[in-house]
2 protein chains.
Amino acid sequence: MNISQAAKRAGVPAKTIRYYEDIGLITPARGANGYRDFSDQDLHRLAFLARARRLGFSIEQCRALLELYADRNRASAEVKAVAQTHLAEIDAKLAEMQAMRATLAALVHSCAGDNRPDCPILSDLASGSQTIAAQG
Amino acid sequence: MNISQAAKRAGVPAKTIRYYEDIGLITPARGANGYRDFSDQDLHRLAFLARARRLGFSIEQCRALLELYADRNRASAEVKAVAQTHLAEIDAKLAEMQAMRATLAALVHSCAGDNRPDCPILSDLASGSQTIAAQG
DNA sequence: CATAAGGGTTCCACCAGCTGGAAGGTCAAG
DNA sequence: CTTGACCTTCCAGCTGGTGGAACCCTTATG
């Protein structure tokens, strides 16, 4: 199967597939003409990758997961550890973004948004919450 | 004031300050020896940038905000528009990450995490929710 | 048989937003 | 005069691709 077919089936752009091969996540066979020839197994790995990426796993985490997937003797604890690490990363980022959101929403709310120049958003950014002077 | 002092006061690494100058966000004066010489105004801009970045504004949004900040005749509506755009971006990302989190948490929950190989996480990634076969 | 469309291939550059490091100039202290 | 801590510039690399150029291969059509 050619790359564009594989791309369609796995729901991944052809460019991305080439990139994945480049970094060693997949190794499709090559035809006599040099074209990549994707097997069902290749497709399977691609789909696995696509789903893992959609869940936000990093490329290196995907690599680890693929290795565990291929290892019939893995302990599920190893897989769970990877997933839990990622979950913790997501939670940390969520907390950070929710804090951002809260501040930002308050600022947006406080701004009249008319054609006068007074703007609490700019005021906050300019002197926001912390003093810059007299620290050193 | 030298760059390391400015960095300390504004809470931004010196490298980042050089980068900000490189992309035209700040233009500190130079001493006879070629060293950057930061004025209070430069510090002010740096602190503004630091806070805006901490709120997740992109560099280009920061540039826009700095311009509005410098324009005594701006309409607060313009500022609010930038902030609202950013708020919408954050909300979109939050929704995406919360969806990820829900799926991931369910997977983690369903995995025994012992030394047996059976793992619902891998099963899900391998065949997860969508079929890869017979689409094209 | 020529040619044009629509595949495929490689490689190089670019995006955000820095960060690390090398190579070298400057400055203050002992 | 040397040491060490600054400063400077520039180049490379990080993540996870994406766009584009230049070129090869295949297939259909006149």
Side-chain angles (χ1 to χ4, degrees), chain A residues 1-38 42 45-46 48-66 85-86 89-90 92-93 96-97 100 136, chain B residues 1-38 42 45-46 48-66 85-86 89-90 92-93 96-97 100 136:
Chain A
M1 181 184 300
N2 278 352
I3 196 168
S4 63
Q5 274 298 307
K8 232 172 271 175
R9 298 243 186 146
V12 178
K15 276 267 180 188
T16 301
I17 297 180
R18 293 198 189 96
Y19 172 67
Y20 286 169
E21 183 185 12
D22 215 48
I23 62 176
L25 288 181
I26 49 166
T27 41
R30 294 288 180 136
N33 51 12
Y35 286 18
R36 290 171 184 82
D37 185 14
F38 294 84
D42 294 325
R45 276 177 82 88
L46 272 179
F48 185 107
L49 278 168
R51 174 123 174 103
R53 292 290 297 132
R54 251 176 266 127
L55 284 179
F57 285 103
S58 75
I59 290 286
E60 288 317 306
Q61 284 169 332
C62 288
R63 195 189 301 275
L65 289 171
L66 273 174
T85 298
H86 179 40
E89 290 160 356
I90 284 188
K93 197 138 204 176
E96 191 192 337
M97 293 190 61
M100 274 182 188
Chain B
M1 180 183 304
N2 278 352
I3 197 169
S4 62
Q5 275 298 309
K8 232 171 271 176
R9 300 244 185 144
V12 178
K15 276 267 180 188
T16 301
I17 296 180
R18 293 199 190 95
Y19 173 67
Y20 286 170
E21 183 184 11
D22 216 48
I23 62 176
L25 288 182
I26 48 167
T27 41
R30 296 288 180 138
N33 53 10
Y35 287 18
R36 288 171 185 82
D37 185 15
F38 294 83
D42 293 325
R45 276 177 83 89
L46 271 180
F48 185 106
L49 278 168
R51 174 126 175 100
R53 292 290 298 133
R54 251 177 265 127
L55 285 179
F57 286 102
S58 74
I59 291 285
E60 287 317 306
Q61 284 170 333
C62 288
R63 196 188 300 276
L65 289 171
L66 273 175
T85 297
H86 179 40
E89 290 160 356
I90 285 190
K93 199 141 204 173
E96 190 192 337
M97 294 191 61
M100 276 182 188

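Just so we're on the same page: letters track the sequence lines, and every chain starts at 1.
Protein atom CD of A:E21 is 14 Å distant from nucleotide atom P of C:dG8, rounded to whole Å. If you measure from atom CZ of A:R54 to atom C1' of D:dG17, you get 16 Å, rounded to the nearest angstrom. Whole-Å rounding puts the A:L46 CG to D:dG17 P distance at 12 Å. If you measure from atom NZ of B:K8 to atom P of D:dA5, you get 13 Å, rounded to the nearest angstrom. Here C:dT9 presents its P atom at 12 Å from CG of A:D22, a figure rounded to the nearest Å. The distance from atom CG of A:D37 to atom P of C:dG7 is 18 Å, rounded to the nearest whole Å. What separates CE of B:M1 from P of D:dC6 is a distance of 15 Å, to the nearest Å.
Side chain of B:D37 to backbone of B:M1: a donor-acceptor contact under 3.5 angstrom is found. Here the side chain of A:H86 pairs no donor or acceptor atom with the backbone of A:Q61 at under 3.5 angstrom. Checked by atom type and distance alone, the side chain of A:N2 never pairs as donor or acceptor with a backbone atom of A:S4 at under 3.5 Å. Distance alone, capped at 3.5 Å, is enough to place a donor-acceptor pair between the A:R63 side chain and the A:I23 backbone.
Minimum heavy-atom separation, A:A7 to A:A14: CB-N, 3.8 Å. Shortest non-hydrogen contact noted between B:F38 and B:I3 is CE1-CA, 3.6 Å. The shortest heavy-atom contact between B:A52 and B:C62 is CB-SG, 3.6 Å.
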Reading nucleotides 16-26 of chain C 5' to 3', which nucleotides get B (base under 4.0 Å from a protein heavy atom), which S (sugar-phosphate only), which -?
-> -BBSBB---BB
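The only option from A:V12, A:L25, A:I59 that meets the side-chain contact (heavy atoms from CB on, under 4.5 Å) definition with A:L49 turns out to be A:L25. When each of A:R45, A:K15, A:R36 is checked for a salt bridge (charged side-chain N to carboxylate O under 4.0 Å, His left out) with A:E21, only A:R36 meets the rule.
OP1 or OP2 of C:dT9 has at least one side-chain nitrogen or oxygen of A:R36 nearer than 4.0 Å. Within the structure, every side-chain polar atom (N or O) of B:R18 is placed at least 4.0 Å from both OP1 and OP2 of D:dT9.
Within 4.0 Å (heavy atoms only), B:I3 reaches sugar-phosphate atoms of the nucleic acid but no base atom.
Recorded end-axis angle for the helix from C:dC1-D:dG30 to C:dG30-D:dC1 stands at 40°, based on five pairs per end and rounded to 10 degrees.
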